[in-house]
Amino acid sequence: MQLASVDPQLADLSNKLIYSAMVVYTLAMFAHMIEWTFGSKGAIAVRSNAAAASLSETVATASTKAAKKVTVTVAGTGGRTTTLTRTAVAGEGATVVTSGRGADEVDGPGAAGTSERADLAGRIAVSLSVLALLLHGGGIVARGLSVSRWPWGNMYEFSCAFAFAMTASYLALLAWKKNVRWLGLPVVLAALLTLGIATSLLYTESDQLVPALHSPWLAIHVSTAIFCGGAFYAAFIATLLYLGKDSFERRTAAGLTTGPLGTSASIWRRLPAASTFDKLSYRINALVFPLWTFTIIAGAVWAEAAWGKYWEWDPKETWSFITWVAYAAYLHARATAGWKGRKAAYLALAAFACWLFNYYGVNIFVTGKHSYAGV
Amino acid sequence: MSKTTTEAELPPAPDDTEAERLSTAPVDSDGPTGIGVIGWARWMWRQLTSMRVALILLFLLSLAAIPGSLLPQNGQGSQAALKVVAWKAQHTTVAPIYEKLQLFDVYSSVWFSAIYILLFVSLAGCIVPRTWQFVGVLRSRPPAAPRNLTRMPVYAAWRTEAEAEAVNAAAHRLLRRRGFRAHLSGDSVAAEKGYLREVGNLLFHLSLFALLGGFAWASLASGTAGKLMIEGEGYANTITQIDDFSGTPFYTSDDLDPFYLKLDAFTARFQSSGSQIGAARQFTANVEYSTGSDPTQTKQGKIEVNHPLEIGGSKVFLIGHGFAPVVTVKNAKGEVVYHGATPFLPQDANQTSTGVVKVSDYGVGPDGKKVQLGFTGNFLPTAPASFENTGPISLFPDDAAPMLVLNAWAGDLGNDAGRPQNIYQLETRKMTQLMQDGQPARVRLKPGQGWDLPDGYGTLTFDGYKRFVSLNISHRPGNEVALTGAVLAILGLIGSLFIQRRRIWVRALALPGGGTQVELAGLSRSESAKIAEELAELAVDLQDDAPATDDASAADGSDNTDDSDDSDDSEDPGPDPGAVDAPSEPAPADLNSKE
Ligand code: HEM
């Protein structure tokens, strides 16, 4: 950990890789935009296609009548229901079919609608994102190797790792066959924004660390913090989309034909249902909250070793605490009558605002013990 | 539904609302319960321990923590205290108001304390009844099946030829195998799983008390001492030999851990190239120490930035370092009147240091009167070639081109009056600056060089320099308590957030016209869709023992022709073998609104 030297070639390679990743992310962003644009034409075609599909399936089910089949009725909010059908055919695995009754509860088909051209653009976008992620990861590794330490010792490095965590989680979900491609555009945009800020405003040359950062806790505390950041970001996007889709659903119910803020209805129709977004953001936040708790505690243990006091209300500590309490309030709200839905979503936004301020605001505007090396 | 006919055979209506409560969260209620003072007190207590107030208090707590991060705070060491003074000097109009509002002591202020104390009172009032309630839940059976299972959020049903009793028994067995706590009574099975969620939740909230306890213990029984030590020096850890001490009611200067500590050597390494030139890379203090009981038995130790040295109940932290120039002063007769190393305090990242050399025992001056000398100035570990543009500043934190820059004063140092004096400042009220050629006398010395003082005051030689370290000797109990609380809190949270508590009911009833109706229903927190799948899996398993009859009415989902959006998951429009028609619109199950 205490090699004083810096390998300038590796450091330079790292920069080039990060810039290349940004270029490829930009291409991925364009491909996603094309997906969304073409998809809007296909959306109308969904209806007629659906009718044809069910015809052919009737034939298929008729021949497997011996299957054990269960239909579970699931009650949703506002009197809507969905049903889930599980069929177990002898010798074959079970299949689950979920479908909805009550149109608004249903998830949209995704950015591409049913347009094949849009779907192709979306696939290209995902491939480009994978390529960008590889370049991005290479940049981070090269940065770490150039100084023989964990590559998150300053704001520039945090930001690179953080954008990486975000894109990687999204692509991992895709690889896991989760239906999240509609997240592609916001995720790629967020990654570009983070990397843009990192390379333009926060750039620091590759170098060794001040002694306060020589600790295995750097790897533990900072990497969990970065992961939490990426996940909170994703939950934030889901919360925003929830609010948007919820408004859209209300507007539709009220007979309006456009989305909130004059956005096109086609976009909202292709997105998953509001309740899906709501659940997604809750799940991510609930998943990350224990990890965020751990991050703060790991930081406190580190502070104890470095400064002799595990908690000193240093600005960074304070804002981590504020963020923690804000997310705790959000989780409470979800369990409290009358606070679900939009109200809880606003709390989630406030909690994320605290997190953002902790990340950028505290490092840049407030001086404390957490300001080292460069920014 | 053909249910009306069987209703008479049902057991007495169970408390459906009770069955639907999946959390021991307090139920919010409004309005005073009872009259008079006691009624109001009870009402206030209910409010305080309600989820709504807990939520508001949490929100207030995060708001209240904000000002402390934006304004300098007292009680965070001497540097922070200096910042408070500086801030007050800059903002003279608002400072007194802020002072009154305790904005410089946010985290010990009345209002901040009030919020968290209320929160913890609320928590205690919430958690204790919830624990009892939960113990009660564990000791009783899972709540019996509600009369109307179709009201439950997930529901499935079919008809079979199998005996109702056999189906119930099979369901009981299957649920047990799946790890449910199941109970078979009469015509139905009640099962529940995921109690660890509630355990986790209670554990989490309880361990917050451990955290608070650890905090409280630390703030009542800890103390820190500061000590500046030059290489080669040693000291005994008693109040007379340390530089400063701040204690608490249960840890006073009498309680200091008795030990002896000596600084053998201090090594510092810095970045010597690149954009972060001058950034610190390594600090190590090599020390020798012995504990109170046996001063002859010394041990070797090392103190680094992230690695304090533990001696007895105290930890010794390395918090700063600097240089101490060694000078010798001789009077006009050539007698040594002063020799020693004086710590100069670093002012910037490049260790531009300032300090004072006080020669109290100078004796008689050139004019035959008793006099004292004082020297103020800078030590620069790496001095620039010329001060023309910069003044005396150091260019690099390590000793690449060390230089001592001094001014000289003569007169009365003012330290005889018994007033406490800052050893890093020169009290110049009763002193005059020595002049040379009409200018204040000033000299730049490299190690080994000497200076003939003006007006025949003798000589000063800059012999060399040593390094010093600033140590923080800290005694803080309660860390283990807080850490245990923190670890338990995380474990509790994991249980509370990742485990689903859910109930499943199965009811098989013989139909009057022959055959058996099987109904399954499930309930869990609305956030999870898993319960539907779990119920479906259970139903598929149960069909081994209770195969569905083919001649039944149309499947529940078959009327879904209006379902037009999805392409890949369109409904199977064929008849569902043996399905009893489920209600087309089960009641919305907003579970938590009932909690
Ligand atoms: C000291 C501050 C508190 C913190 C940091 C805190 C934090 C949390 C968190 C993070 C959860 C989420 C776990 C989950 O959703 O299961 C939770 C749940 C819960 N909290 Fe607190 N809490 C605090 C105080 C309180 C108080 C004062 C009450 C009583 C009014 C309370 C009652 C509950 C209940 C009943 C749940 C579980 C709700 C459910 O069943 O999901 N908490 N708390």
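First the proteins, then the strands, lettered A, B, ... as listed; each starts at 1.
Considering only heavy-atom pairs separated by less than 4.5 Å from chain A, the leading option among B:Asn472, B:Asn479, B:Leu318, B:Ile319 is B:Asn479. Ranking B:Ser474, B:Ala64, B:Ala65 against chain A, the residue ahead of the rest is B:Ala65, based on heavy-atom pairs under 4.5 Å. When each of A:Tyr330, A:Phe294, A:Tyr310 is checked for heavy-atom pairs under 4.5 Å with chain B, A:Tyr310 comes out on top. Between chain B and the residues A:Ile296, A:Asp278, A:Ile297, A:Leu291, the largest count of heavy-atom pairs under 4.5 Å involves A:Ile297.
Interface remark: B:Leu497 contributes side-chain atoms only to the contact with chain A (heavy atom separation under 4.5 Å). If you measure heavy-atom distances from B:Ala482 to chain A, the contacts under 4.5 Å come from the side chain alone. Only the side chain of B:Phe204 comes within contact range of chain A, with at least one heavy atom under 4.5 Å from a heavy atom of that chain.
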Give the intermediate values and the outcome of side chain to side chain contact (heavy atoms under 4.5 Å, CB included) for residues B:Gln73 and A:Trp313. CA-CA 9 Å; B:Gln73 297 292 300; A:Trp313 296 106; over 6 Å; no

Set out, in order, the CA-CA distance, both residues' side-chain angles and the distance that settles side chain to side chain contact (heavy atoms under 4.5 Å, CB included) for B:Leu493 and B:Phe498, then state yes or no. CA-CA 8 Å; B:Leu493 262 184; B:Phe498 298 165; over 6 Å; no

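When the options B:Leu63, B:Leu61, B:Leu57, B:Leu55 are evaluated for a side-chain contact (heavy atoms from CB on, under 4.5 Å) with B:Phe59, the one that passes is B:Leu63.
Ring-plane geometry between A:Trp311 and B:Phe215 is classed as tilted, the angle between the planes lying from 30 to 60 degrees on a 0 to 90 degree scale. Aromatic ring pairs are classed by plane angle as parallel below 30°, tilted from 30° to 60° and perpendicular above 60°; the pair A:Trp292 and A:Trp355 is perpendicular.
In plain terms, the two heavy atoms of A:Glu317 and A:Glu312 that are nearest each other are OE1-N, 2.8 Å.
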